[in-house]
*Asks:* 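Dropping a structure here in structure tokens format, bear with me for questions.
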2 protein chains.
Amino acid sequence: MIQYKSVIVMKENKFLAIYNDLLLQIRKGIFQPNDKLPSEHELSQQYETSRETIRKALNLLSEHGYIQKIKGKGSIVLDVGKYDFPVSGLVSFKELAQKMKKRVRTIVHELQVVKPDDYIRKYLDVTAKDEVWKVVRSREIEGEKIILDKDFLHRKFVPLLTHEICENSIYEYLENELKLKISFAKKEMFVDKITDEDRKYLDVDGYEHIVVVQNYVYLEDASLFQFTESRHRLDKFRFVDFARRTH
Amino acid sequence: MIQYKSVIVMKENKFLAIYNDLLLQIRKGIFQPNDKLPSEHELSQQYETSRETIRKALNLLSEHGYIQKIKGKGSIVLDVGKYDFPVSGLVSFKELAQKMKKRVRTIVHELQVVKPDDYIRKYLDVTAKDEVWKVVRSREIEGEKIILDKDFLHRKFVPLLTHEICENSIYEYLENELKLKISFAKKEMFVDKITDEDRKYLDVDGYEHIVVVQNYVYLEDASLFQFTESRHRLDKFRFVDFARRTH
DNA sequence: TTGACCAACTTGTATATACAAGTTAAAATA
DNA sequence: TATTTTAACTTGTATATACAAGTTGGTCAA
């Protein structure tokens, strides 16, 4: 019998490290769907930590839909294979594309600093004096231009933005270079009539409507710093969400 | 100065009671957006409990998007007014309709026990021997038939289902009468071509596409017991989601 | 054999303590 | 005055303990 012995690197928190370690084992298939995880007591011995720390890790797994905890019985692994597409949460296009393993390309159409007009002021919390980055990009997937991304970023937080950054990943730049702590977002989804701009930058393929995903992105201190409108061609749109019932 | 003194009824857990009490104060406007909540230490004194219990309540508020915790500073109330529409999560149509305060009606078109065909077996985890409730209902909002709901429930969990129950709220019946513990769900959203069934039961209004929300609903023990397909007219569809970034 | 009960497990809640780490504003210092 | 330091706050992490409550499987008695 082969015993899986995990070595945890303790750069991060203990409970986060354990969460990531258990998640890895689930992804690798060491723990299969419907398997029972070791009990909290056993895990606390394996990881040489307290039960409360184990419980923090397990609760994270539960919130994210990887396990189900059942009182008196234990924790069982859920069928996670179904959730591996655009699961709810804050995921950038680049992270998504890598997961999907598709041939993707980003085309930058606009990149400029603008004074916020009424439209921008409606969505981003800025005054007429502030400056705002406006970025318009289309996303090509397997040779088809499917998604039109319109980003508005508060210049106060982002002094510089280049063509290269926009072609790669703005998120990566913000988090890794500028060390901005992106914390949470509000998403709003609805269907809109297609516009001339959509026709100009996308392969609209004769559709008259388009799925709009509006994103309000906030930093750690709850300041709104970005508004993004993502316009998806009807036939390629897909959103997966995991939700727990709260009573 | 008026001091708000909350009286907590201790039927439920302490931390849940505190969560609900704080939430109520936020909804009532006793705590306004951008207000700072009392510190964890103060709250633990006010509620006569330990700091850990307060932290459980605050973490719930944070997960659900009501507050933002900032290390070293405190917890501030987020602008919750924006999230009060169909926020992500498991919410039944009846609960939703009550929140929106719209004139709604449910029309039951089909209600029968069927042997699962290939279509049902694809979505619900049943064998050919099992029996399944099939319910088809349309939802009328302000006089227009907007949503077509197709429910499939495993009969093993739901022995009886009546016309009245389906007109009211299946969820309410399941939870209150049958005492089923609905625990979590996976939602999948995409756009589909409109079907003859849609045209038959809905005011499709000339649209050629329809937004489909598929729901896989699970009980506490992680058993899949219901599959629901909710078909929304394009122009009336709207989905709001709050998501925290996990690193 | 059947059922009741119990012991040993499981997870859930609540509490107390200690220290780490980030923030803030007053006090001390140059 | 301007800057640095410090003290007093804040939230975050980790640990230990106790008991409640649900599950399971074996034991024992009818």
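From a predicted model like this one, the values you see are computed outputs, not experimental measurements. All values below come from the heavy atoms of this structure, side chains included, with hydrogens, waters and symmetry mates left out.
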*Asks:* Between A:F15 and B:G74, which residue's closest nucleotide on DNA chain D lies nearer the 5′ terminus?
*Replies:* B:G74

*Asks:* Between D:dT23 atom P and A:K69 atom NZ, what is the distance in whole Å?
*Replies:*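 In whole Å, D:dT23 P and A:K69 NZ are 15 Å from each other.
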
*Asks:* Can you check the B:Y47 OH to C:dA14 C1' distance for me, whole Å?
*Replies:* 17 Å

*Asks:* Rounding to an integer number of Å, can you tell me how far B:N59 CG sits from D:dT13 C1'?
*Replies:* 12 Å

*Asks:* Indicate the ring-plane relationship of B:Y216 and B:F227, choosing parallel, tilted or perpendicular according to the 30° and 60° boundaries.
*Replies:*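 Rings of B:Y216 and B:F227: tilted, as their planes differ by 30° to 60°.
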
*Asks:* Given atom CG of A:L58 and atom C1' of C:dT13, what is their separation to the nearest angstrom?
*Replies:*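 For the pair A:L58 CG and C:dT13 C1', the rounded distance is 16 Å.
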
*Asks:* Choosing from C:dT11, D:dT11, C:dT13, which nucleotide comes nearest the side chain of B:E40?
*Replies:*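 Output: D:dT11.
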
*Asks:* Under 3.5 Å, side chain of A:Q45 to main-chain N/O of A:E42, donor-acceptor pair present?
*Replies:*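 No, A:Q45 side chain to A:E42 backbone: no donor-acceptor pair under 3.5 Å.
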
*Asks:* To the nearest angstrom, how far is B:K181 atom NZ from D:dG22 atom C1'?
*Replies:*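 That distance rounds to 12 Å.
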
*Asks:* Report the distance from atom NZ of B:K56 to atom C1' of C:dT15, rounded to the nearest whole Å.
*Replies:* 11 Å

*Asks:* Can you pull the salt bridge (Lys or Arg N to Asp or Glu O under 4.0 Å) pairs that have at least one residue in residues 60-70 of chain A, sequence neighbours excluded?
*Replies:* A:E40-A:K69

*Asks:* Please write out each protein N/O paired with an N/O of nucleotides 4-7 of chain C under 3.5 Å, distance rounded to 0.1 Å.
*Replies:*
none

*Asks:* Do the ring centers of B:Y123 and B:Y119 come within less than 6.0 Å of each other?
*Replies:* yes

*Asks:* Of B:K150, B:E229, B:E188, which meets side-chain hydrogen bond (donor to acceptor under 3.5 Å, both in side chains) against B:Q214?
*Replies:*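 When B:K150, B:E229, B:E188 are each tested with B:Q214, the side-chain hydrogen bond (donor to acceptor under 3.5 Å, both in side chains) holds only for B:E229.
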
*Asks:* Establish, with yes or no, whether the OP1 or OP2 oxygen of D:dT15 is under 4.0 angstrom from a side-chain nitrogen or oxygen of A:K14.
*Replies:* yes

*Asks:* Name all residues meeting the side-chain contact (heavy atoms from CB on, under 4.5 Å) criterion together with B:T228; count only those two or more places apart in sequence or in a different chain, and write none if there are none.
*Replies:* B:D151, B:N215, B:Q226

*Asks:* Test your reading of the model: is there a side-chain donor-acceptor pair from A:N20 to the backbone of A:A17, 3.5 Å cut-off?
*Replies:*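 Not at all, since once roles are kept as given, no pair shorter than 3.5 Å links the two residues.
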
*Asks:* Report the residues that fulfil salt bridge (Lys or Arg N to Asp or Glu O under 4.0 Å) with B:E131, sequence neighbours left out, ordered by chain and then residue number.
*Replies:* B:R155

*Asks:* Between C:dT15, C:dT10, D:dA14, which one does the side chain of B:T49 approach most closely?
*Replies:* C:dT15

*Asks:* Would you mind telling me which of C:dT13, D:dT11, C:dT11 lies closest to the side-chain atoms of B:N13?
*Replies:* C:dT13

*Asks:* Using whole Å, what does the distance between atom P of nucleotide C:dA16 and atom CD of B:Q45 come to?
*Replies:* 12 Å

*Asks:* Are any of B:T53's side-chain N or O atoms less than 4.0 Å away from OP1 or OP2 of C:dT13?
*Replies:*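 So the side-chain polar atoms of B:T53 never come under 4.0 Å of the phosphate oxygens OP1 or OP2 of C:dT13.
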
*Asks:* Got a sec, which residues hit salt bridge (Lys or Arg N to Asp or Glu O under 4.0 Å) with B:K56, two or more places apart in sequence or on another chain?
*Replies:* none

*Asks:* Establish, with yes or no, whether the OP1 or OP2 oxygen of D:dG12 is under 4.0 angstrom from a side-chain nitrogen or oxygen of B:R55.
*Replies:*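 B:R55 to D:dG12 OP1/OP2: side-chain N or O found under 4.0 Å.
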
*Asks:* Could you list the protein-to-nucleotides 19-24 of chain C atom pairs, N/O on both sides, closer than 3.5 Å?
*Replies:*
| residue | atom | partner | partner atom | Å |
| --- | --- | --- | --- | --- |
| C:dG22 | N2 | B:G72 | O | 3.2 |
| C:dT23 | O4' | B:G72 | O | 3.4 |
| C:dT24 | OP1 | B:K73 | NZ | 3.4 |

*Asks:* Answer yes or no: does a side-chain N or O of B:S39 lie under 4.0 Å from OP1 or OP2 of D:dT10?
*Replies:*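 Yes, because at least one side-chain N or O of B:S39 sits under 4.0 Å from OP1 or OP2 of D:dT10.
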
*Asks:* Does any N or O in the side chain of A:N59 come within less than 3.5 Å of the main-chain N or O of A:R55, such that one atom is a donor and the other an acceptor?
*Replies:* yes

*Asks:* Nearest whole angstrom, please: distance from the P of C:dT11 to the NZ of A:K36.
*Replies:* 8 Å

